[in-house]
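Beneath this line is the structure, given in structure tokens, with notes to follow.
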Amino acid sequence: VLIYTPALLFCCNSNELDVNLSRVFAGGCGKASLSSCSPKVCIVGSGPAGFYTAQHLIKARQDVEVDIYERLPVPFGLVRFGVAPDHPEVKNVINTFTQTAKHSRCSFYGNVNVGKNVSITELQQAYHAVVLSYGAEGNRSMGVPGEDLAGVYSAKDFVGWYNGLPSCRELSPDLSCETAVILGQGNVALDVARILLSPIDILKKTDITQPTLEALAESQVRRVLIVGRRGPIQIACTIKELREMVNLPDTRPDMVAADFDGVKEALKDLPRPRKRLTELMLKTALEVPGEKEQERRSKASRTWGFRFFRSPVEVLAEPGHSRIAGIRLAINKLEVSDGAQAVLTGEVEDVPCGLVVSSIGYKSLPIDPSVPFDSRKAIVPNTMGRVKQAAGLYCSGWLKTGPTGVIATTMNNSFDTARSILEDMDSGTLDMSAAKPGSQSISALLEKRGVKPVTFSDWEKIDNVEMKRGESRGKPREKLLTVEEMLPGHQ
Amino acid sequence: MAASAAVRSSMGLTLRLSRVIPDCSTCPLFRLKCNAKNVANLQRRGSFDSLRTINRHLQTSIGLYHSEEGSSNAEHPEDVVNVVYIDRSGQRIPVKAKVGDNVLYLAHKHGIDLEGACEASLACSTCHVYVSAAHFDKLQEPEEREDDMLDMAPMLQENSRLGCQIILTPELDGIELTLPKVTRNFYVDGHVPKPH
């Protein structure tokens, strides 16, 4: 359907058409007014937050142009580097993002470090609106002595390592110990446990990196404890991931029955999702299994279990060495007043182990001194995605709300921010009267600074190389592991 | 049997057209056709083949016709299922669908704002819909994996289902599917909806 008005040309359901037609009718519109007809939005970060924000903007207005900047040469953020290799269906969302990236009004610029290669101020000068969607690349630290010992890793780095994040390539975790302790009981903790204990035959068919596969094939880890400060009812993981642990081949659960005192009685008051999760935990921990399951468990070579009411107080080194020998855990009790708080009892317990993975949360970092940042909450202060005290600046995803939630949560969050931007365009809060140069000026700046952006079609070449490499190994892809290899010209 | 041969060939055609190779064990069509025992024995495989779709809008619903003739172009009135989508702004969008249509892909076909991030593989909850009370009980019971993903959906209600798992049957004629108002920003006046 085509509606022509003297001032503007509207096209419906036609991507290529609107660009071509606006060129043809440019004379009628007037060049200056034509430029002011096209709002230019810049998005920093190409993970789910960036792409869902772009998707919503492009769909809502036929004149919006969106440029997505990404520090790495490759897009998709945590979908590529966070989602576990054995969860390929979760990565299907990449197809949606690919459609957005290939839209005529969307452009991808990889290998651009915002904050280093170009400043937020420069972006704000070039675009009508700038959206910060760069997520959370840091992690919360335990804040205990011994945290820096060899053998202690953040889950963020461990996950980055098995998913081929270039900055984690050299992690080389030592897997020669029998027991691994994971602090935290969210889905990331369960992912780490599952990757540590999964049979190699399953992992070797995924896009897990080759060095990780080789390390896991030699791994001596046979027992993984997943430790939380509070009790079973406060556990942060979701039922899908718990079920995967319960059903993991060649493993058996090892729980402490006393940890579940009082839980059965609390079931009836729980909302459905929490109830189903708790029921599965209770069943796994307390129910006497049938004969078949009994046999399966007795044959299992690996164990996993939750340990509740425990907080880390010190990582213990081998005497005279700087390697980890164990972890000292404080024993908590639960105080239920307004919510449930863990309170120290004064008792401690030492657990011998050779690997500690701290999975207590990702954390956003400030990108540019000109951007307001709440260092206590580690987010950019905002109202409905509008950055406080910063006109024309928005945020979406984990940077906006904190580092929790799955892709669907981030999707809603990003649509919200897009709606705020659209409202501001309509109301005049966002000044659209002056034309903005957008990527034209930024590309010129980058060229002057010797930065060569990677385009989306460059990424598609990388994509093909990776898939081809994976083919011969029976894997969906074999990821390139260094930025150097990803840059065009290297293929 | 002619019917199942027609099923297979029409599914194959759809797959070639849209270049989607779905994980069969999650497809409710598969469940309808197979007996429960087969379904229980299926391992949950990751889909390692490329799940690339050329163009999302080309992704047709997995058309399934129970008629013996098996022609995918049949326009028999008994195949028509009237569906109403109620979008997030409350707008009613009536759609004339066919028996066998998948509620998620039907929504896409008609430009309705229902996301399907994981492409019907029971790995997300973005296609969450509320089903009209009169039709909710006529749906097949959700399998455990659907319930697991529904647990993650915000504003979960008694009549919540995942759209990608609903396949239209003649008894569902008149079904109304409401898209949940999940975002904070939807209410400009600051109203926060209470969970039902």
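In the text below, chain A, chain B and the rest are named by the order of the sequence lines, each starting its count at 1.
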Item to complete: Measure the CE-OG1 distance between B/Met152 and A/Thr409 for me, rounded to the nearest 0.5 Å.
Response: 7.0 Å
Practice prompt. Go through the atoms of A/Tyr52 and report whether side chain, backbone, both or neither lie under 4.5 Å from a heavy atom of chain B.
Written response: side chain
Item to complete: Identify the two heavy atoms, one from B/Glu119 and one from A/Asn92, that lie closest to each other, and give their separation to 0.1 Å.
Response: OE2-O, 3.6 Å
Fill in: Separation of A/Phe415 CZ from B/Arg88 CZ (nearest 0.5 Å)
8.0 Å
Worksheet item: Where does A/Arg243 contact chain B at under 4.5 Å (heavy atoms): side chain, backbone, both or neither?
Response: side chain
Discussion item. I need the residue from B/Thr126, B/Leu150, B/Asp147 with the largest number of non-hydrogen atom pairs under 4.5 Å to chain A.
Written reply: B/Asp147
Discussion item. The criterion is salt bridge (Lys or Arg N to Asp or Glu O under 4.0 Å); which residues satisfy it with A/Lys204, sequence neighbours excluded?
Written reply: A/Asp201
Worksheet item: So what's closer than 4.5 Å to chain B heavy atoms on A/Val90: side chain, backbone, both or neither?
Response: both
Worksheet item: What pair of heavy atoms forms the shortest contact from A/Glu89 to B/Ala123, and how long is it?
Response: CB-CB, 3.7 Å
Fill in: Nearest atoms (heavy-atom pairs only) where B/Glu144 meets A/Arg276
O-NH2, 3.7 Å
Practice prompt. Would you mind reporting whether A/Pro273 and B/Leu156 have side-chain heavy atoms less than 4.5 Å apart?
Written response: yes
Item to complete: Just jot down the ring-ring contact (aromatic ring centres under 6.0 Å, His included) partners of A/Tyr394, sequence neighbours excluded, or say none.
Response: none
Response to the item:
In terms of heavy-atom pairs under 4.5 Å with chain B, the winner among A/Arg274, A/Arg272, A/Lys91 is A/Arg272
Worksheet item: About how many Å separate CD1 of A/Ile407 and OG of B/Ser125, when rounded to the nearest 0.5 Å?
Response: 10.5 Å
Discussion item. Salt bridge or not between B/Asp151 and A/Lys240? Use side-chain N to carboxylate O under 4.0 Å.
Written reply: no
